[in-house]
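Worksheet for the structure shown next.
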There are 4 protein chains.
Amino acid sequence: MVETVKPRRRQARGERRIAQLLDAAAKVFAAEGYVAATMNAVAAAAEVSPGTLYQFFPNKESMAEALAEQYLDALSVAQARGEGAEVLGVPLDDVINRMVDPAIEICLANPGFEPLFSWSDRLRTAVVERVDDIIARRVPEIDPSRRRLIATVTVRIFAAVLPQILATTGREQLEYTRELKRVLRAYLLDISD
Amino acid sequence: MVETVKPRRRQARGERRIAQLLDAAAKVFAAEGYVAATMNAVAAAAEVSPGTLYQFFPNKESMAEALAEQYLDALSVAQARGEGAEVLGVPLDDVINRMVDPAIEICLANPGFEPLFSWSDRLRTAVVERVDDIIARRVPEIDPSRRRLIATVTVRIFAAVLPQILATTGREQLEYTRELKRVLRAYLLDISD
Amino acid sequence: MVETVKPRRRQARGERRIAQLLDAAAKVFAAEGYVAATMNAVAAAAEVSPGTLYQFFPNKESMAEALAEQYLDALSVAQARGEGAEVLGVPLDDVINRMVDPAIEICLANPGFEPLFSWSDRLRTAVVERVDDIIARRVPEIDPSRRRLIATVTVRIFAAVLPQILATTGREQLEYTRELKRVLRAYLLDISD
Amino acid sequence: MVETVKPRRRQARGERRIAQLLDAAAKVFAAEGYVAATMNAVAAAAEVSPGTLYQFFPNKESMAEALAEQYLDALSVAQARGEGAEVLGVPLDDVINRMVDPAIEICLANPGFEPLFSWSDRLRTAVVERVDDIIARRVPEIDPSRRRLIATVTVRIFAAVLPQILATTGREQLEYTRELKRVLRAYLLDISD
DNA sequence: GATGAATGAGAGTTCATTCAT
DNA sequence: CATGAATGAACTCTCATTCAT
């Protein structure tokens, strides 16, 4: 009984550390981009020695992957809140809002998201698959390979406008967000026909 | 007298050299991306010593900028061929075709374009300005700051789908191209109203 | 009273631990060589944390020394079995057999021996002293400093052929062993005259 | 004509550098052993920046190989001086002298030899092949595989006594050298029968 | 005792850039 | 102009060792 606590403490310390390190990595990725980011910079940002980094992550890529995983989880959680089965009898605008808004919130809260989204095929593919799913539910009659095409383009559009949203604030940020939704609506309305 | 000839020859040789070096740079940027590309690799690709590179370009960035300039020129030439003042009485589809098709041709012919387009704000801004111009001519009543917004998003969308077009061939490439045009038409039609 | 028991248990446990750790060290030394072996690797091989290693050995060197000591003991035991005072009235071949065979058995059974034998002057010197002793008993009239020289060369020869014996198996191993004995006999016969 | 000189100068500079770097490497290998030697130490010993090292050698191993090659050449040259076809009608002692003496001279003059000889299978094998050759010429009736065995053991013996020769000076050095020859003679006489 | 996170110096290696030739 | 050797700071990653728990 006591013994189930002790290991937990150790793990807890480790997991806290991991979260802390990933946080630092996200900051550095955001500031420099994934390719230009260095492990030393991440270590410094985490106020930790380089060796500590390597106790948890064998290399830079693995940090990126862990971060990507974390973001995917966050996306799932955020989108699950407003989704459900109501993809069908609902206006397209609502579906778009319920996809885009939490995604942007996560990107704003996690500045590491955008550089990873550019870099990680895995992360992009995972998001594409979700969008593909939603399209499948809403427009079941569509051809799967065409659906994949549309999902891919949809995600690319999101990724394309995202940097503008992140680079701005206030009214301008809102405008870009509105514009993003406008593009998506126009594009996806065109599809449904 | 001799001096007016020799310099010309020198300049001519120099420009040939520059073109050759930029070609090599484009190849390396295409293969590795701008950040990962190394000057040594560019020198090797040009079959030239690193020192020679620095005789023409003070640093890596300046190579990128020179390349960007070159691409902008190519864009101008290509788009001038089919444009003119006929932005007005013409269907939107035609305008889009005359913008997108030559751009994609250039990107396919110059594999260094895409990495630079991601990297160089200057290149992207220049293209945004052209699109802004066209919109201004076609929809003069639109508010300039909103026009700039639309132009920016338009270019971002192009940049977003471009990698998919470049990464694929044949039918898939055509499909992505068609999809890109579809997005742009849907978005810009929405605007014009 | 309780206190005389507990410490013993503790010591017993400690010695078992030490044996276990030295075993792991031997394996790693054998696989990587002393210099390339890492304490982390030893800890992992012992299924123990690095900290535990340092509870018993202040540093890497001390592990090597403890292992060397252990091997020296094993050598003593093994050679005591067939030795005694019968160094005198006995053919040289027998003496060589009774020295070489147990030594090789120990080396085969303890793969950590060879790397340490190359590394540890102390281990080599101890063996040299034993050989010196035997020569002294068999050829008492020999000059001590010359005797030391011969003992040193004898041990070096053994150490030189040993890797070949350990690197091979079956017939080839036997051949190298026979060759080793042949060298030693030829050399030492030459001496006795 | 002038053009055949200019490139030579460049190459000459490079080759002089290479010789200089290999010299430094030899010193460091001699002082620390191959495994413990570091590229930074070699660079420092050559009074050169680490980068310069890597302009000529892609890694530590390649330095070792280049050095080994150089030593093999030196061995060839040295042994060619006193050898010829007179392996046959000549006393064994003479053959041994003509093999061992130049080898030891080289080892004394090139302190990098010994550590490499321990490390490089390639170097050892090359020397084994030479010895094999000589045995083949002198004792043609011997079975090739047994000949190889003998050559291997012979070289191992040389390598085994070598450190003692290098670690000592003056009379002691001479004694070890004499002892080495004694071992070899005794062993090889035993063979010829 | 045992753990494993933490350290930090240092290893090998790279690369933009400079400079003597 | 061209060369390629030279630089040195910076990078990724390792490892003997320490220390809080």
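Lettering follows sequence order; numbering is per chain, from 1.
- Here the side chains of Val127(C) and Phe117(C) are in contact, with some heavy-atom distance below 4.5 Å.
- DNA chain E is contacted by both Ala36(D) and Phe56(C); Phe56(C) maps to the nucleotide lying nearer its 5′ end (nearest heavy atom per residue).
- Atom pair Arg16(C):CZ and dA2(E):P shows a separation of 11 Å (rounding to whole Å applied).
- Using a 4.5 Å heavy-atom threshold, the side chains of Cys107(A) and Leu166(A) count as touching.
- Residue contacts for Ala44(B): at a heavy-atom cut-off of 4.0 Å it reaches no nucleic acid atom on any strand shown.
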*Begin with the C-alpha distance, continue with both residues' side-chain angles, and end with the deciding distance and a verdict on side chain to side chain contact (heavy atoms under 4.5 Å, CB included) for Gln70(D) and Asp73(D).*
CA-CA 5 Å; Gln70(D) 187 177 287; Asp73(D) 289 354; 5.8 Å; no

Would you list the atom pairs, donor with acceptor, under 3.5 Å between side chains in residues 38-49 of chain D and any protein atom, with sequence neighbours excluded?
from	atom 1	to	atom 2	distance (Å)
Thr38(D)	OG1	Ala41(D)	N	2.9
Ser49(D)	OG	Thr52(D)	OG1	3.4

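- Comparing Ser49(C) and Val48(A) by the nucleotide of DNA chain E that holds the closest heavy atom to each, the one mapping nearer the 5' end is Ser49(C).
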Give the table of side-chain donor-acceptor pairs shorter than 3.5 Å for residues 53-60 of chain D, with sequence neighbours excluded, one pair per line with atom names and distance.
from	atom 1	to	atom 2	distance (Å)
Asn59(D)	OD1	Glu61(D)	N	3.3
Asn59(D)	OD1	Ser62(D)	N	2.9
Lys60(D)	NZ	Tyr34(D)	O	3.1
Lys60(D)	NZ	Val35(D)	O	3.0
Lys60(D)	NZ	Ala37(D)	O	2.9

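- Rounded to whole Å, the distance from CZ on Phe57(C) to C1' on dA2(E) is 15 Å.
- Taking 4.0 angstrom as the limit, Thr38(B) places none of its side-chain polar atoms (N or O) nearer than this to OP1 or OP2 of dT14(E).
- The separation between Leu21(D) atom CG and dG12(E) atom C1' is 16 Å, rounded to whole Å.
- Pairing each heavy atom of Ala126(C) with each of Leu72(C), the nearest pair is CB-CD1, 3.5 Å.
- Comparing atom distances between the Arg17(A) side chain and each of dA5(E), dT3(F), dG12(E) picks out dA5(E) as nearest.
- The closest donor-acceptor contact from the side chain of Arg124(C) to the backbone of Ser118(C) lies under 3.5 Å.
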*Dot-bracket for DNA chain F, please, read 5' to 3', with Watson-Crick or G-U wobble pairs under 3.5 Å on both distances, ( ) within the strand, [ ] crossing, | other strand, . unpaired.*
.||||||||||||||||||||

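- The nearest whole Å value for the distance from the CG atom in Leu53(A) to the C1' atom in dA5(E) is 13 Å.
- For Thr125(D), the side chain to side chain contact (heavy atoms under 4.5 Å, CB included) partners are Glu129(D), Arg148(D), not counting sequence neighbours.
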Below 3.5 Å between N/O atoms, which protein atoms pair up with nucleotides 17-19 of chain E? Just atom names and distances, please.
from	atom 1	to	atom 2	distance (Å)
dT17(E)	OP2	Tyr54(B)	OH	3.2
dT17(E)	OP2	Lys60(B)	N	3.1

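- Nearest heavy atoms, Gly112(A) versus Tyr71(A): CA-OH, 3.5 Å.
- Note on Ala37(D): only backbone sugar-phosphate atoms sit closer than 4.0 angstrom, heavy atoms only; bases stay farther off.
- Across residues 26-34 of chain B, not one residue has a non-hydrogen atom less than 4.0 Å from an atom of DNA chain E.
- The shortest heavy-atom contact between Pro111(C) and Ala30(C) is O-CB, 3.1 Å.
- Atoms CD (Glu15(C)) and C1' (dG1(E)) sit 16 Å apart, rounded to a whole Å.
- Summarising the geometry of Leu162(D) relative to Glu114(D), their closest heavy-atom pair is CD2-CG, 3.8 Å, with the distance given to 0.1 Å.
- No engagement by Ala46(A) is indicated, since no non-hydrogen atom pair under 4.0 Å with the nucleic acid exists.
- Taking atom CD of residue Gln55(C) and atom C1' of nucleotide dA16(F), one finds them 16 Å apart after rounding to whole Å.
- The minimum heavy-atom distance linking Ala64(B) with Trp119(B) is given by the pair CB-CZ3, 3.5 Å.
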